2 protein chains.
Amino acid sequence: MAALALNHLLENWKIALRQQGYRVTRPRLQVMEIIVSSETPLKPQDIYQLSLDLESPPGIASIYRTLEMLDDLGLIQQIHQPGGCHAIWPAVEGHKHLLICSSCGQMRVIEGNEDIEDYINKIEEQTGYHVKDHWLQLFGTCQNCS
Amino acid sequence: MAALALNHLLENWKIALRQQGYRVTRPRLQVMEIIVSSETPLKPQDIYQLSLDLESPPGIASIYRTLEMLDDLGLIQQIHQPGGCHAIWPAVEGHKHLLICSSCGQMRVIEGNEDIEDYINKIEEQTGYHVKDHWLQLFGTCQNCS
DNA sequence: ATTGATAATGATAATTATTATCAATAAGGG
DNA sequence: CCCTTATTGATAATAATTATCATTATCAAT
Ligand SMILES: [Zn+2]
Ligand SMILES: [Zn+2]
Ligand SMILES: [Zn+2]
Ligand SMILES: [Zn+2]
């Protein structure tokens, strides 16, 4: 992702914090910067390990607290993968599908979900269920890893 | 699920164990019976709680060991849900989609996955990724819960 | 049916991840 | 700059999972 877009995202997050009455503190900024700078979804322990390179790293408790706050604000989302489901990623607007490289972990967000609406409608007719949400994730290899 | 189908599944599991050199023991049978009899995906701790009603329940360690064995044999699969991802369910033949009631937890397996192949092909062309696998899960309410 | 090699079990200790506690610190409005 | 109080860091507590090991039970071979 371009550095400009990263800063823009981070600025939006800071605005969101202040609007909701959260203070913008150094530990929170450290965690948020690690998240928005990452190419791959990160687990809490990943963030903790990365933070140890910083001059004055946040405590592990603050990392968990910041993640809980970001989740409450809807700014991050959980990513489910065969290897585990505790990794997070900046939340995307509306509903999107995920494309994950099984080799390098790189993740892309796919626009346009109307394509499978027909399929969902058919399932609703067949089963009598009322479908309110869906998860679609594609796993494979990116161009670099092929 | 019909009791006949449950017994059939359990018999197949026992055959699979013996074929792979695993012994068929009482703790393993107790765990497997709980799994195949359930209407909803179960977490390890769910199985442990249910097992406490039995005359001579298995130790918690044997429950985890049995789940690991069943997973190694490909007989169970992990189910991902918003509330957590540690629940398991008997593995289905080939690739299927999942339909889960957010209210009662009941789960159905949807046949026929060729419907979204066009969508996946389109994504591959757009992104250059080679998609090898995908997860599609639908969440909503079943007829009973509506 | 009995035996025997050894896989499997149960009880529990150890580990790992996450959450709660609380005195000390620092953000930010006035 | 000061003051209120949200937040932090250190650490204790909790919860889930895994490892350890002496004892037990499976099942193939007699
Ligand atoms: Zn998951
Ligand atoms: Zn890749
Ligand atoms: Zn239901
Ligand atoms: Zn599918």
Side-chain angles (χ1 to χ4, degrees), chain A residues 10-11 13-35 41-52 54-73 75-76 78-81 83-88, chain B residues 10-11 13-35 41-73 75-76 78-88:
Chain A
L10 191 55
E11 287 308 314
W13 283 13
K14 287 158 73 174
I15 292 170
L17 295 212
R18 291 201 180 91
Q19 280 184 343
Q20 301 301 320
Y22 291 98
R23 293 178 181 174
V24 176
T25 65
R26 186 173 67 169
R28 285 175 176 167
L29 277 173
Q30 289 171 318
V31 171
M32 292 190 290
E33 279 172 7
I34 288 173
I35 293 170
L42 298 176
K43 295 193 250 295
Q45 298 291 334
D46 296 332
I47 295 170
Y48 177 65
Q49 289 302 323
L50 289 170
S51 77
L52 295 180
L54 300 174
E55 67 297 344
S56 182
I60 183 68
S62 288
I63 290 175
Y64 280 101
R65 284 185 289 232
T66 300
L67 292 176
E68 186 183 10
M69 176 195 68
L70 292 172
D71 188 55
D72 288 343
L73 293 175
L75 299 179
I76 58 174
Q78 196 180 355
I79 303 298
H80 300 261
Q81 291 180 260
C85 301
H86 295 249
I88 59 93
Chain B
L10 192 55
E11 286 308 313
W13 282 13
K14 287 158 73 174
I15 292 170
L17 294 212
R18 292 202 179 91
Q19 280 183 344
Q20 300 301 319
Y22 290 97
R23 293 179 182 173
V24 175
T25 65
R26 186 171 68 169
R28 284 175 176 166
L29 278 173
Q30 289 170 318
V31 171
M32 292 190 290
E33 278 172 7
I34 288 173
I35 293 171
L42 297 176
K43 295 193 252 295
Q45 298 291 333
D46 296 333
I47 295 171
Y48 177 66
Q49 289 303 323
L50 289 170
S51 77
L52 295 181
D53 292 336
L54 299 175
E55 67 296 346
S56 182
I60 182 69
S62 288
I63 291 175
Y64 280 101
R65 284 185 289 231
T66 299
L67 291 177
E68 187 184 10
M69 177 196 68
L70 292 172
D71 189 55
D72 289 344
L73 294 175
L75 300 178
I76 58 174
Q78 195 180 355
I79 303 297
H80 300 261
Q81 292 180 260
C85 301
H86 295 247
I88 58 93

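Below, chain A is the first sequence line, B the second, and so on; all start at residue 1. Everything quoted here is computed from the prediction, not taken from an experiment.
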Quick check: does any side chain N or O of Gln30(A) sit under 3.5 Å from a backbone N or O of Ser56(A), one acting as donor and the other as acceptor? yes
Whole angstrom is fine here: how far is it from CD in Gln20(A) over to P in dT7(D)? 12 Å
Atom-pair distance (CG on Leu17(B); P on dA8(C)), nearest Å: 9 Å
According to ring-ring contact (aromatic ring centres under 6.0 Å, His included), who are the partners of His80(A), at least two apart in sequence or on a separate chain? Trp135(A), His80(B)
For Leu29(A) and dA26(C), give me the distance from atom CG to atom P, rounded to whole Å. 15 Å
Output a table of donor-acceptor pairs, distance under 3.5 Å, between side-chain atoms of residues 47-55 of chain B and any protein atom two or more places apart or on a different chain; print 'none' if there are none.
{"from": "Ser51(B)", "atom 1": "OG", "to": "Tyr48(B)", "atom 2": "O", "distance (Å)": "2.7"}

Please round to the nearest 0.5 Å and tell me the distance separating atom CG of Leu17(B) and atom CG of Leu73(B). 6.0 Å
Dump every N/O contact between nucleotides 14-17 of chain D and the protein below 3.5 Å, one line per pair.
{"from": "dT17(D)", "atom 1": "OP1", "to": "His86(B)", "atom 2": "ND1", "distance (Å)": "3.1"}
{"from": "dT17(D)", "atom 1": "OP2", "to": "Tyr64(B)", "atom 2": "OH", "distance (Å)": "2.1"}
{"from": "dT17(D)", "atom 1": "O5'", "to": "Tyr64(B)", "atom 2": "OH", "distance (Å)": "3.2"}

Does anything in residues 13-27 of chain B form a salt bridge (charged side-chain N to carboxylate O under 4.0 Å, His left out)? List the pairs, not counting sequence neighbours. Glu11(B)-Lys14(B)
Counting side-chain heavy atoms from CB outward, which of dG9(D), dA8(C), dG10(C) is closest to Arg28(B)? dA8(C)
Could you measure the distance from the CD1 atom of Ile88(A) to the CG atom of Leu70(A)? Nearest 0.5 Å is fine. 7.0 Å
Rounding to an integer number of Å, can you tell me how far Arg26(A) CZ sits from dA27(C) P? 9 Å
Based on the rotation axes of five pairs at each end, what angle does the helix from dA1(C)-dT30(D) to dG30(C)-dC1(D) bend through, to 10°? 40°
CG-CE distance between Leu67(B) and Met32(B), expressed to the nearest 0.5 angstrom: 11.0 Å
Pairs where residues 58-70 of chain A contributes a residue and the test side chain to side chain donor-acceptor pair (under 3.5 Å) is met, not counting sequence neighbours: Gln45(A)-Tyr64(A), Ser62(A)-Arg65(A)
Atom-to-atom span, CD1 of Ile63(B) to P of dT12(C) - whole angstrom: 16 Å
Take atom CG of Asp72(A) and atom P of dT7(D), then tell me their distance rounded to the nearest Å. 12 Å
Grab the N/O contacts between the protein and nucleotides 19-24 of chain D below 3.5 Å, and write none if there aren't any.
none

Interatomic spacing from CG in Leu75(B) to CD in Gln20(B) - rounded to 0.5 Å: 9.0 Å
Considering only nitrogen or oxygen atoms on both sides, find all protein atoms under 3.5 Å from nucleotides 27-30 of chain D and state each distance.
{"from": "dC27(D)", "atom 1": "OP1", "to": "Val24(B)", "atom 2": "N", "distance (Å)": "2.8"}

Atom CG of Asp71(B) and atom P of dT18(D): how far apart are they, to the nearest Å? 11 Å
To the nearest 0.5 Å, tell me how far Ile63(B) CD1 sits from Arg28(B) CZ. 13.5 Å
Can you name the residues that form a side chain to side chain contact (heavy atoms under 4.5 Å, CB included) with Glu33(B), not counting sequence neighbours? Leu10(B)
Pull out every residue in residues 46-55 of chain B that has a heavy atom closer than 4.0 Å to any atom of DNA chain C, ordered by number, or say none. none
Interatomic distance where CD belongs to Gln30(B) and P belongs to dA8(C) [whole Å]: 16 Å
